[in-house]
Protein chains: 2
Amino acid sequence: MARGRTAATPPTSPLDEREMSAWHALIHAHARIVRQLEAELEAEHALTLPAYEVLAHLSEAPDRRLRMSDLASYAVLTPSGLTRLVDKLAREGLVERARCASDARVVYAVLTAAGAARLKTAYPTHLRGVRAHLVDRLQPDQLEAIAAALGPLASYCPSSL
Amino acid sequence: MARGRTAATPPTSPLDEREMSAWHALIHAHARIVRQLEAELEAEHALTLPAYEVLAHLSEAPDRRLRMSDLASYAVLTPSGLTRLVDKLAREGLVERARCASDARVVYAVLTAAGAARLKTAYPTHLRGVRAHLVDRLQPDQLEAIAAALGPLASYCPSSL
DNA sequence: GGGGAATAGTTGCGCAAGCAATCATCTTCA
DNA sequence: TGAAGATGATTGCTTGCGCAACTATTCCCC
């Protein structure tokens, strides 16, 4: 816990102005962007953001299928959260479950034709939202900086780690 | 809606590599950081992150009190969410409600002594978390870049807008 | 090869929190 | 002044989702 430090400093020094504002900016910007995006997605296509992301990731996966646990990390959900989300999407016919031949423990979520179609219609909304609320409001170098700074903190860890 | 664009471009052009990775980095990093932070806060002090933020904002407010609606925007909650959170904190004796003399519609949330004490013990945990999961993993200029880029997108809008 | 640990996924449970509707109060302006 | 609209806060309802516990399968290795 205690890494080398001199006697007089407190356990950890308080956040300075820059640190505080970065932290708050991250929290607030995220909340605002995600909320708007989700509201639009929900209003126009009856999809939550995680649901959209599940469909999107499946559509880009080989064979349009992914293991549940990989999908969970992609979609920023816990395994249990993903199970229920896939339940729901399956009820709507947008994905299907498929067992894995070589390992009976794993389950694949597979994008159905209906799911692909739904994704296709929702895509413009999502794209427009990401642009309107994030991308188009930043300079290219700012986008780069965010990706470079936050990317390593995200560490997808799909199946690995 | 449609700002000037030439005929051949699609409604909105798809996200390029840089844009995609910034967007994903934001989503994933946020999720990861907030989850860890919240887990620690909850385990050590039985406080959710929004609850901590409410206490923290109150402690810095003049007279240790804030209007419900202002507090809601600070804490990144909807009014209804804040009402219930304050309900809960009040039940635990960490905050109190106070009516406003000049406007009977507004309610102040006021930090109690117990709330201040709880905040004081939770502060190190929060601080350590923000450092460990965000601040200490970035270069100073990266923090600056995040604050500069995301700050405007957050737009606190405390009571004003 | 069989027993214990690890891994994949699912469920029971509970809670946090958003939306829409409602109530109370204040403002405005005819 | 009094009726319509704004504003602040709360509640009913619903849902998404995380944790912890559980089952099923596979891996490891003695």
Side-chain angles (χ1 to χ4, degrees), chain A residues 31-32 34-43 46-54 65-92 95-110 157-161, chain B residues 31-32 34-43 46-54 65-92 95-110 157-161:
Chain A
R32 173 168 272 249
V34 165
R35 243 172 242 182
Q36 295 243 6
L37 197 55
E38 184 138 38
E40 295 158 4
L41 222 39
E42 194 112 30
L47 284 176
T48 63
L49 184 54
Y52 177 88
E53 290 189 332
V54 160
R65 70 180 51 205
L66 283 171
R67 300 159 51 120
M68 294 292 282
S69 50
D70 290 346
L71 196 47
S73 28
Y74 286 134
V76 196
L77 281 175
T78 57
S80 87
L82 183 75
T83 289
R84 304 194 213 253
L85 177 50
V86 167
D87 283 349
K88 188 181 166 231
L89 293 176
R91 252 178 274 127
E92 300 176 33
V95 305
E96 284 173 353
R97 273 177 230 256
R99 305 213 64 94
C100 171
S102 60
D103 187 336
R105 292 171 302 179
V106 334
V107 172
Y108 288 102
V110 190
C157 53
S159 80
S160 67
L161 178 70
Chain B
R32 174 168 272 248
V34 165
R35 242 171 243 182
Q36 295 243 5
L37 197 54
E38 185 139 35
E40 295 159 3
L41 222 39
E42 195 111 31
L47 284 176
T48 63
L49 185 53
Y52 177 88
E53 290 189 331
V54 160
R65 70 181 52 206
L66 283 170
R67 300 158 51 121
M68 293 294 282
S69 49
D70 290 344
L71 194 48
S73 29
Y74 286 134
V76 196
L77 281 175
T78 58
S80 87
L82 183 75
T83 289
R84 300 190 216 258
L85 178 50
V86 167
D87 282 350
K88 189 183 164 224
L89 293 176
R91 251 179 276 126
E92 299 176 35
V95 305
E96 283 172 354
R97 275 179 228 254
R99 304 212 65 93
C100 173
S102 60
D103 187 337
R105 291 172 302 181
V106 334
V107 172
Y108 288 102
V110 190
C157 55
S159 78
S160 65
L161 169 70

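Residue numbers begin at 1 in each chain, while the letters A, B, ... track the order of the sequences. Treat the numbers as computed from the prediction; the structure is a model and nothing was measured.
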Worksheet item: Where the side chain of A:S80 is concerned, which of C:dT11, D:dT10, D:dC17 is the nearest nucleotide?
Response: C:dT11
Worksheet entry | Distance test, side-chain N/O of B:R35 to OP1/OP2 of D:dG18, below 4.0 Å | yes
Discussion item. Rounded to whole Å, how long is the line connecting atom CG of A:D103 with atom P of D:dC28?
Written reply: 12 Å
Practice prompt. Nearest whole angstrom, please: distance from the P of C:dT10 to the CG of A:L71.
Written response: 11 Å
Discussion item. From CD of A:Q36 over to P of C:dG18, roughly how many Å is that when rounded to an integer?
Written reply: 14 Å
Practice prompt. Check the distance between C:dG9's P and A:R99's CZ and give it to me in whole angstrom.
Written response: 9 Å
Discussion item. Return the CG to CG distance between B:L85 and B:L71, rounded to the nearest 0.5 Å.
Written reply: 8.0 Å
Fill in: Step-by-step side-chain contact (heavy atoms from CB on, under 4.5 Å) determination, B:L89 to B:V54
CA-CA 9 Å; B:L89 293 176; B:V54 160; 3.7 Å; yes
Worksheet, complete the sentence: Checking C:dC19, C:dT7, D:dC19 against the side chain of A:R105 (C-beta onward), the nearest is C:dT7
Worksheet item: Over how many whole Å does the gap from B:R91 atom CZ to D:dT10 atom C1' extend?
Response: 14 Å
Item to complete: Map B:L77 and A:M68 onto DNA chain C by nearest heavy atom, then report which one ends up closer to the 5' terminus.
Response: A:M68
Worksheet item: Do any side-chain nitrogens or oxygens of B:S69 fall under 4.0 Å of OP1 or OP2 in D:dA9?
Response: yes
Worksheet item: Within this structure, what is the CG-to-P distance between A:L89 and D:dT15, rounded to whole angstrom?
Response: 15 Å
Practice prompt. Would you kindly compare A:A104 and A:V76 by the position of their nearest DNA chain D nucleotide and give the one closer to the 5′ end?
Written response: A:V76
Worksheet, complete the sentence: Interatomic distance, OH@B:Y74 vs CZ@B:R67, rounded to 0.5 Å, equals 11.0 Å
Discussion item. What verdict does the side-chain contact (heavy atoms from CB on, under 4.5 Å) test give for A:L37 and A:E42, after you've listed the backbone C-alpha separation in whole Å, the side-chain angles of each residue and the deciding distance to 0.1 Å?
Written reply: CA-CA 8 Å; A:L37 197 55; A:E42 194 112 30; over 6 Å; no
Discussion item. Please tell me if B:R84 has a side-chain N or O lying less than 4.0 Å from either OP1 or OP2 of D:dT11.
Written reply: no
Response to the item:
Here the distance between atom P of C:dA8 and atom CZ of A:R65, to the nearest Å, is 18 Å
Worksheet item: What integer distance in Å separates B:K88:NZ from C:dG14:P?
Response: 16 Å
Worksheet entry | Closest-nucleotide 5' rank along DNA chain D - winner of A:E38 and B:T83 | B:T83
Practice prompt. Compare all side-chain heavy atoms of B:P50 with those of B:E38 and state whether any distance is below 4.5 angstrom.
Written response: yes
